[in-house]
2 protein chains.
Amino acid sequence: MAEPHDAPRDLTRNQGLVLGTLNRSSAPLSAYDILDKLREEGLRAPLQVYRALDKLVERGLAHRLESLNAFVACADAHCHRKGLIAFAICERCGRVDEFADEVIEERLSGWAANTGFKTERTTMEIRGQCAECLKAAA
Amino acid sequence: MAEPHDAPRDLTRNQGLVLGTLNRSSAPLSAYDILDKLREEGLRAPLQVYRALDKLVERGLAHRLESLNAFVACADAHCHRKGLIAFAICERCGRVDEFADEVIEERLSGWAANTGFKTERTTMEIRGQCAECLKAAA
DNA sequence: CGTTGCAGCGTTATGCTATAACGTGTAGAG
DNA sequence: CTCTACACGTTATAGCATAACGCTGCAACG
């Protein structure tokens, strides 16, 4: 059975294990969740996971969800997503939708230009309930 | 010396102390930072601070910055700010600017309407460097 | 070849952030 | 008065993240 999408070939063993775990999960995972799933593979310490996550996030293969202190694999198979990414997080099923919006990006960079702020990183996270969970709850 | 802005009169002692501490700070504070500043006032346990913060955030008198695990007082003196708030956080001096943008709000609610997502809470945080720090570094 | 530099690895220890679970005190509603 | 709701105080614990150490393997270079 194939992964949701192929991983780059130049990942280290730990990075590959961590990314694989994220890809197999339908919900965000904390570093400790990941560690627990990888004990069989020989991982023992949080740092092993955090180091791998740092690299994956740096390369855009995974994202950190600040409001959850958790991580997801990037939804874009080839990870060419540029610019601002917004996340919609369902608090019921844990599902995360990733989307980009150029208008929002323009507004933010406009604000930054006006105030002389130099943006380095932006996080945008919407919490709520996804359509499916709303239907199921009805 | 007056507070940056008057606090509502119906806060409990702990809530007032915590809000006062946030108001006096020019940068976000973690719950433990606040606790340390309030030991003289008799506070001893994190929970005392967290409980006060919960209420303050609930009432919009303070905000939680997810990407810092820290808190700031609301910048709006009378806290009537509605809707989405974006935060621009300077990583150099710690200063936080609060702003609202209706266009962004419309785009997000548009996305939510299209996908059937029911938004409950949105966090938007921009990290970078403020104009003053950029000037100082030049 | 040797060695130098870098990146990742593994381990232990520690620090920071947040909440569970318990009981107490007090003010307002009925 | 008594019931309810809410805040409080305390102890203990859970959950998230990094510091600091030393080692290994590999590629670049003289």
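Throughout, protein chains are lettered first and strands after them, A, B, ... in sequence-line order, and every chain is numbered starting at 1.
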Contact list please: residues 31-52 of chain B against DNA chain D, heavy atoms, distance less than 4.0 Å, in numerical order.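 The stretch gives B:Arg44, B:Ala45, B:Leu47, B:Gln48, B:Arg51 as the residues lying under 4.0 Å from the strand, ordered by number.
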Check DNA chain D against residues 89-96 of chain B and give the residues with a non-hydrogen atom under 4.0 Å, in numerical order.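 Residues of residues 89-96 of chain B under 4.0 Å from DNA chain D: none.
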With side chain to side chain contact (heavy atoms under 4.5 Å, CB included) as the test, would you mind laying out the steps for B:Ile89 and B:Leu65 before giving the verdict? CA-CA 9 Å; B:Ile89 303 164; B:Leu65 299 175; 4.2 Å; yes
5' to 3' contact window, DNA chain D with chain B (heavy-atom distance under 4.0 Å):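 Contact span on the strand: D:dA7 to D:dT11.
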Quick check on DNA chain D: between B:Gln15 and B:Asn69, whose nearest nucleotide comes earlier from the 5' end?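 Closest to the 5' end, via its nearest nucleotide, is B:Gln15.
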Toward the 5' end of DNA chain D, which comes first, A:Asp54 or B:Thr12, by nearest nucleotide?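 Closest to the 5' end, via its nearest nucleotide, is B:Thr12.
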Test side chain to side chain contact (heavy atoms under 4.5 Å, CB included) on A:Lys135 and A:Gln129; report intermediate values, then the result. CA-CA 10 Å; A:Lys135 227 186 314 177; A:Gln129 291 187 237; over 6 Å; no
Looking at A:His63 versus A:Phe71, is the centre-to-centre ring distance below 6.0 Å?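 That pair fails the under 6.0 Å test.
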Does any donor atom in the side chain of B:Glu125 or A:Thr123 lie under 3.5 Å from an acceptor atom in the other side chain?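 Not at all, the side chains of B:Glu125 and A:Thr123 share no donor-acceptor pair under 3.5 Å.
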Identify all side-chain donor-acceptor contacts of residues 45-57 of chain B below 3.5 Å with residues at least two apart in sequence or on another chain.
from, atom 1, to, atom 2, distance (Å)
B:Gln48, OE1, B:Arg44, N, 2.8
B:Gln48, OE1, B:Ala45, N, 2.8

Can you confirm whether B:Arg127 is buried at CZ, in the sense that more than 12 heavy atoms of other residues, nucleotides or ligands lie under 6.0 Å from that atom?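 Above 12, so yes.
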Does a sphere of radius 6.0 Å around CZ in B:Arg95 hold more than 12 heavy atoms from other residues, nucleotides or ligands, not counting ones at 6.0 Å or beyond?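 No - once you tally the heavy atoms of other residues, nucleotides and ligands closer than 6.0 Å, there are 12 at most.
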Side chains of A:Cys93 and A:Glu132: closer than 4.5 Å at any heavy-atom pair?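 Contact flag for A:Cys93/A:Glu132 side chains = no.
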Taking the side chain as every heavy atom from C-beta outward, state whether B:Lys37 and B:Leu29 have any atom pair closer than 4.5 Å.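 B:Lys37 reaches B:Leu29 side chain to side chain.
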Tell me, with the steps shown, if A:Ile85 and A:Phe99 meet side chain to side chain contact (heavy atoms under 4.5 Å, CB included). CA-CA 6 Å; A:Ile85 305 176; A:Phe99 66 98; over 6 Å; no
I'd like to check the salt bridge (Lys or Arg N to Asp or Glu O under 4.0 Å) partners of A:Glu105; sequence neighbours left out, ordered by chain and number.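 With neighbours one apart ignored, the set is empty.
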For B:Phe117 and B:Leu108, run side chain to side chain contact (heavy atoms under 4.5 Å, CB included): C-alpha distance rounded to whole Å, both residues' side-chain angles, the deciding distance at 0.1 Å, then the answer. CA-CA 10 Å; B:Phe117 191 92; B:Leu108 287 177; over 6 Å; no
Which nucleotide span of DNA chain C, 5' end to 3' end, has atoms closer than 4.0 Å to non-hydrogen atoms of chain B?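 Contact boundaries, 5' end first: C:dT17 to C:dA21.
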Taking A:Val18 as the starting point, is it possible to reach A:Tyr32 by hopping between hydrophobic residues whose side chains are less than 4.5 Å apart?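 No, because A:Tyr32 and A:Val18 fall into different hydrophobic clusters, even though each may have its own neighbours under 4.5 Å.
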